[in-house]
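Take a look at the structure below.
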Number of protein chains: 2
Amino acid sequence: MVLSEDELSILKNLGKAGRRIPAGRDLVYQGQSDKVAYILNSGWAFSYKLLQDGQRQILDFEVPGDFLGLRSILLNMSDHGIEAVTDIEVTELHIDELLEIFSQSPRLMLAVLWAASRDDAMIVEHLIDVGRRSATERMAHYLMELGLRLELVGMADRSGFACPLTQYLLADAVGLSAVHVNRVLRELRENGLLTFRDGCVRFDDYVELSRFAQFDETYLDHSGPRFRQSFLAGLGNLREAG
Amino acid sequence: MVLSEDELSILKNLGKAGRRIPAGRDLVYQGQSDKVAYILNSGWAFSYKLLQDGQRQILDFEVPGDFLGLRSILLNMSDHGIEAVTDIEVTELHIDELLEIFSQSPRLMLAVLWAASRDDAMIVEHLIDVGRRSATERMAHYLMELGLRLELVGMADRSGFACPLTQYLLADAVGLSAVHVNRVLRELRENGLLTFRDGCVRFDDYVELSRFAQFDETYLDHSGPRFRQSFLAGLGNLREAG
DNA sequence: CGGAGGGTTGATTCCCCTCAAAATCAGTGG
DNA sequence: CCACTGATTTTGAGGGGAATCAACCCTCCG
């Protein structure tokens with residue numbers, strides 16, 4: 001599902017004209033209670049959870065076009081923080097406004113639910129990454145996933161993409177040490193699979209890389225939420241119950 | 001949120017009078033396209049994904065009272081299989097019927113969304129398990145989570161619970177080898193934290209165990225989805241768009 | 001009785017972590 | 001222009017946690 005220009009402009013006109021956050025700053029703090037949503041217009045960010053002992057697990061990187069804070073809106077998720085990787089520009093959407101918009105444009109709501117669904121599928125895939133794949137496969141798989149997501153917004157193709165992530169960030173995302181991330185990237189480079197250098201990821205052999213990482217892209221390719229008449233009628237009735 | 005007896009009986013009366021599946025049999029095959037949902041009335045099951053190389057990652061165990069196949073209904077998730085651990089008895093809910101019920105009982109739909117939300121939070125926590133915790137912490141955390149879930153349906157307390165899982169299944173769930181699961185369980189037992197034996201988990205020192213595993217139970221304790229008037233109106237309008 | 005599934009333990013291997021130290025690079029200010 | 005600083009990348013050495021391989025035990029069951 002791709003939103004029309006009209007629909008995107010609805011969202012953009014609605015929010016504050018574009019809030020800017022500098023690199024390294026938190027957009028949302030873990031534990032923050034006022035719920036807001038954002039559309040990431042430019043730059044990269046990531047959502048994370050802090051453990052009691054100070055370790056950090058990055059749940060997902062966010063790239064331009066992504067919705068941030070979905071879980072906070074649709075569901076009562078355990079909370080997490082969001083931090084800017086680069087300078088970013090976001091459109092801030094207050095929930096009330098957003099919900100109002102949904103009532104006017106069901107397609108927009110479908111888009112958001114679709115995004116939430118994809119986020120969920122990605123978390124599952126990351127679970128498999130850290131649970132069942134070697135460090136090298138894991139890194140390859142992760143970077144291919146990022147590439148495909150960026151491809152959808154025209155920021156990547158099968159030859160590679162610009163990537164502002166540090167090896168420390170990648171380490172926190174895939175559950176490795178930064179040192180080992182470096183070794184793994186070298187191995188991938190020396191095997192002619194992919195090159196991570198100077199802020200760019202280059203796929204040196206996409207086909208072979210795909211085989212090596214067991215990358216099955218179908219989990220990113222959903223056709224949209226599945227709703228039917230009676231379900232929607234039920235949702236309507238929630239007005240009295242919610 | 002706890003469903004009333006009336007509401008549970010609505011669900012139970014609706015489905016086939018209780019389908020039985022023997023231990024070890026698949027309830028849902030990975031790749032199966034006809035979408036159905038189930039309520040697990042008795043016995044244990046688990047959802048899993050198979051990798052191309054034959055490895056298996058268990059996404060979650062399901063205990064009595066759980067909804068199965070939620071992701072298939074609400075969202076277009078990447079598909080996964082569901083297998084029975086013990087003999088199980090399920091109530092099969094066809095989506096159409098289920099959606100019809102939702103329109104009559106908004107509370108039921110809230111319950112289902114709440115369950116989906118909790119599933120999501122658990123997957124995130126499992127991601128942290130395998131990414132950031134040692135084998136021993138991971139196992140302790142996982143068994144405490146299971147205990148708390150079972151407590152909600154009266155099948156566990158702070159002293160322990162009956163657990164039909166084999167060490168092989170635990171291994172596939174937490175991303176360890178079966179051999180190492182055994183060693184880890186021995187370590188927990190010798191340290192006086194918990195005992196896994198004869199199909200039972202006994203918490204020998206719940207407080208100390210909780211500290212050791214960094215177990216923060218708030219992620220399991222949601223108050224229900226967060227909806228408002230305008231949002232629900234929007235959902236109603238989806239009738240024309242879905 | 002024999003076989004299968006599950007549990008337990010030991011020996012060995014290896015993947016990845018930790019610690020440590022260069023090398024490179026981007027700013028920053030004198 | 002250059003010294004200084006901090007962040008990042010790179011590489012090496014050593015250690016440890018978990019996998020693998022390989023037994024052996026037990027119980028259950030046809």
Nucleotide N/O of nucleotides 4-9 of chain D paired with protein N/O under 3.5 Å:
residue : atom : partner  : partner atom : Å
D:dT9   : OP2  : A:Gln167 : N            : 2.9

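- The minimum heavy-atom distance between A:Arg149 and A:Asp60, with the atom names listed, is NH1-OD1, 3.1 Å.
- Contact annotation: B:Arg186 reaches the phosphate of C:dT9 (side-chain N/O to OP1 or OP2, under 4.0 Å).
- Between A:Arg118 and A:Asp66, at least one side-chain nitrogen of the basic residue sits less than 4.0 Å from a carboxylate oxygen of the acidic one, meeting the salt-bridge criterion.
- The side chain of B:Ala135 sits closest to D:dA18 out of D:dA18, C:dC16, C:dC17.
- Of the candidate nucleotides C:dG10, D:dT10, D:dA18, D:dT10 has the atom lying nearest to any side-chain atom of A:Arg189.
- Per the geometry, CZ belonging to A:Arg133 stands 19 Å off C1' belonging to D:dA19, to the nearest Å.
- Within the 4.0 angstrom heavy-atom criterion, no nucleotide atom of any strand lies near A:Gly199.
- Put simply, CE on A:Met139 is 15 Å from C1' on C:dC15, counting in whole angstrom units.
- Between the side chain of B:Arg183 and the base of D:dG17, no donor-acceptor pair under 3.5 Å is found.
- Counting to the nearest Å, the P atom of C:dC19 and the NE2 atom of A:His180 are 17 Å from each other.
- Using a cutoff of 4.0 Å between basic side-chain nitrogens and carboxylate oxygens, A:Arg132 and A:Glu137 are not scored as salt-bridged.
- With salt bridges taken as basic N to acidic carboxylate O contacts below 4.0 Å, none links B:Asp216 and A:Lys49.
- Across the interface with DNA chain C, nearest-nucleotide mapping of B:Ala178 and A:Val181 shows B:Ala178 to be the residue nearer the 5′ end.
- In this structure, a donor-acceptor pair under 3.5 Å is absent between the side chains of A:Tyr206 and A:Asp157.
- Across all non-hydrogen atoms, the minimal contact from A:Val201 to A:Phe196 is CG2-CD1, 3.6 Å.
- B:Arg138 places its CZ atom 12 Å from the C1' atom of D:dA19, with the value rounded to the nearest Å.
- With rounding to whole Å, B:Leu176 atom CG is found 17 Å from C:dC15 atom P.
- Ion pairing between A:Arg183 and A:Glu190 fails under the 4.0 Å rule for side-chain N and carboxylate O.
- Straight-line distance from the CG atom of A:Asp129 to the P atom of C:dC16: 13 Å, rounded to whole Å.
- At a threshold of 4.0 angstrom between heavy atoms, the contacts of B:Gly24 with the nucleic acid are absent.
- Regarding B:Glu187, its CD atom lies at a distance of 16 Å from the C1' atom of C:dT8, rounded to whole Å.
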